[in-house]
Amino acid sequence: MIKRIILSLLIIGGVGASAFAGTKAIGLTDTATLSASTFSTGTADLQISNGTTGAFADSAEGFTTSLLPGKTFTKYIRLRNNSTDVDFSIAAQATAVSGSIEASNVTVVFTPVNGSEVAVGSPVSQILANWTTPTGLGTPNILATKNQEYKMDVTLSSSVSTPGSFVFSFLFTGTQFP
């Protein structure tokens with residue numbers, strides 16, 4: 001009886017092993033490979049021109065003028081998105097602010113304009129003291145390889161009653177947007 005049980009177990013084991021081996025031999029397999037996946041970031045390159053016809057560069061000379069209280073000086077600047085694959089939203093920030101005139105007495109307005117100096121976006125206006133924090137210039141954004149011109153109006157408050165001077169720079173930052 002024990003011999004029969006052992007023989008039965010051996011037969012069952014042998015049949016199971018040959019079924020497993022037979023199934024394995026019949027199974028087909030194949031593979032596919034995705035190789036050499038690579039990506040790179042875009043290149044950010046914002047340039048400026050201090051007039052309507054000047055050459056674009058990483059920096060441009062500002063202006064020197066006399067401005068009477070209550071009057072406005074207008075300067076046109078152009079920004080170029082020199083990147084080929086990155087679109088920019090633009091922010092501006094006043095830097096190197098100094099002088100005997102209070103920054104709260106100077107208002108700076110940036111208005112996006114087209115080549116005919118017609119507004120193509122809403123003006124962004126602040127006293128110079130507030131421009132020391134980066135402030136977005138709104139739309140239009142500057143698409144890759146495109147230019148955007150801005151009309152910059154600088155107004156000296158009519159409340160200024162003593163002679164003085166003021167110096168400031170503006171830093172423009174292009175930030176990629178989706």
Side-chain angles (χ1 to χ4, degrees), residues 31-68 71-157 164-178:
T31 61
T33 303
L34 175 64
S35 62
S37 299
T38 311
F39 73 90
S40 61
T41 61
T43 301
D45 186 12
L46 183 65
Q47 296 180 331
I48 188 168
S49 171
N50 67 356
T52 56
T53 59
F56 286 97
D58 289 334
S59 65
E61 197 64 35
F63 59 87
T64 301
T65 191
S66 294
L67 189 58
L68 298 174
K71 299 297 180 184
T72 299
F73 173 76
T74 298
K75 176 74 175 166
Y76 288 89
I77 62 165
R78 292 182 304 151
L79 296 176
R80 171 189 281 167
N81 181 347
N82 205 37
S83 304
T84 58
D85 50 5
V86 177
D87 298 331
F88 286 149
S89 61
I90 302 297
Q93 177 180 6
T95 62
V97 176
S98 66
S100 58
I101 298 172
E102 294 291 323
S104 59
N105 286 321
V106 178
T107 301
V108 178
V109 180
F110 286 100
T111 305
V113 296
N114 63 19
S116 300
E117 300 176 359
V118 174
V120 293
S122 299
V124 178
S125 175
Q126 296 192 106
I127 60 172
L128 194 56
N130 292 341
W131 277 109
T132 57
T133 301
T135 301
L137 295 185
T139 56
N141 294 309
I142 307 176
L143 302 179
T145 70
K146 302 297 181 190
N147 301 341
Q148 177 57 56
E149 189 170 336
Y150 291 91
K151 176 183 172 191
M152 181 173 116
D153 291 317
V154 180
T155 303
L156 182 60
S157 172
S165 64
F166 203 79
V167 176
F168 62 92
S169 297
F170 263 93
L171 174 68
F172 297 93
T173 304
T175 302
Q176 178 184 358
F177 74 93

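No experiment lies behind these values; they were computed from the predicted model shown.
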Could you list the donor-acceptor pairs under 3.5 angstrom formed by side chains in residues 169-176, with sequence neighbours left out?
none

Residues in side chain to side chain contact (heavy atoms under 4.5 Å, CB included) with Ala60, at least two apart?
Ile48, Asn50
For atom NZ of Lys75, is the number of surrounding heavy atoms from other residues, nucleotides or ligands below 6.0 Å larger than 12?
yes
State whether the side chain of Thr155 and the backbone N or O of Thr72 hold a donor-acceptor pair below 3.5 Å, judged by distance alone.
no
If you measure from CD1 on Ile142 to CZ on Arg78, what distance do you get to the nearest 0.5 Å?
11.5 Å
Working note: Met152 + Thr74, criterion side chain to side chain contact (heavy atoms under 4.5 Å, CB included); need CA distance, chi angles, decisive distance, verdict.
CA-CA 6 Å; Met152 181 173 116; Thr74 298; over 6 Å; no
Rounding to 0.5 Å, atoms CZ (Phe88) and CZ (Phe177) come to a distance of 10.0 Å
Summary of side chain to side chain donor-acceptor pair (under 3.5 Å) pairs that have at least one residue in residues 122-132, sequence neighbours excluded
Gln126-Thr135
With sequence neighbours excluded, tell me which residues meet side chain to side chain contact (heavy atoms under 4.5 Å, CB included) with Asn105.
Ile101, Glu102, Ser157, Ser159, Val160
Tell me whether Ser89 contacts the main-chain N or O of Asn141 through its side chain, where contact means a donor paired with an acceptor under 3.5 Å.
no
When rounded to the nearest 0.5 angstrom, what distance separates CG in Asp85 from CG in Asp45?
11.0 Å
For the backbone of Thr84 and the side chain of Thr145, can you confirm whether one donor and one acceptor N or O come within less than 3.5 Å of each other?
no
Would you check, one step at a time, whether the test side chain to side chain contact (heavy atoms under 4.5 Å, CB included) holds for Val154 with Phe63?
CA-CA 11 Å; Val154 180; Phe63 59 87; 4.0 Å; yes
Tell me the closest heavy-atom pair linking Gly121 and Thr111, and the distance in Å.
O-CG2, 4.0 Å
Quick check: closest heavy atoms across Pro112 and Gln148, and the distance to 0.1 Å?
CB-NE2, 3.7 Å
With sequence neighbours left out, the residues meeting side chain to side chain contact (heavy atoms under 4.5 Å, CB included) with Ala129 are Ala103, Ile127
Measure from the side-chain N and O atoms of Asn81 to the backbone N and O of Val86, and report whether any donor-acceptor pair falls under 3.5 Å.
yes
Name all residues meeting the salt bridge (charged side-chain N to carboxylate O under 4.0 Å, His left out) criterion together with Asp153; count only those two or more places apart in sequence or in a different chain, and write none if there are none.
Lys151
Verdict with reasoning, Phe166 to Leu156, per side chain to side chain contact (heavy atoms under 4.5 Å, CB included):
CA-CA 10 Å; Phe166 203 79; Leu156 182 60; over 6 Å; no
For a 4.5 angstrom cut-off between non-hydrogen side-chain atoms, does Asp58 reach Gln47?
yes
Taking atom OG1 of Thr133 and atom CD of Gln93, what is their separation to the nearest 0.5 Å?
7.0 Å
At what distance, to the nearest 0.5 angstrom, does CZ of Phe168 lie from CG of Leu128?
5.5 Å
Heavy-atom pair with the smallest gap, counting every atom of Tyr150 and Pro140:
OH-O, 4.2 Å
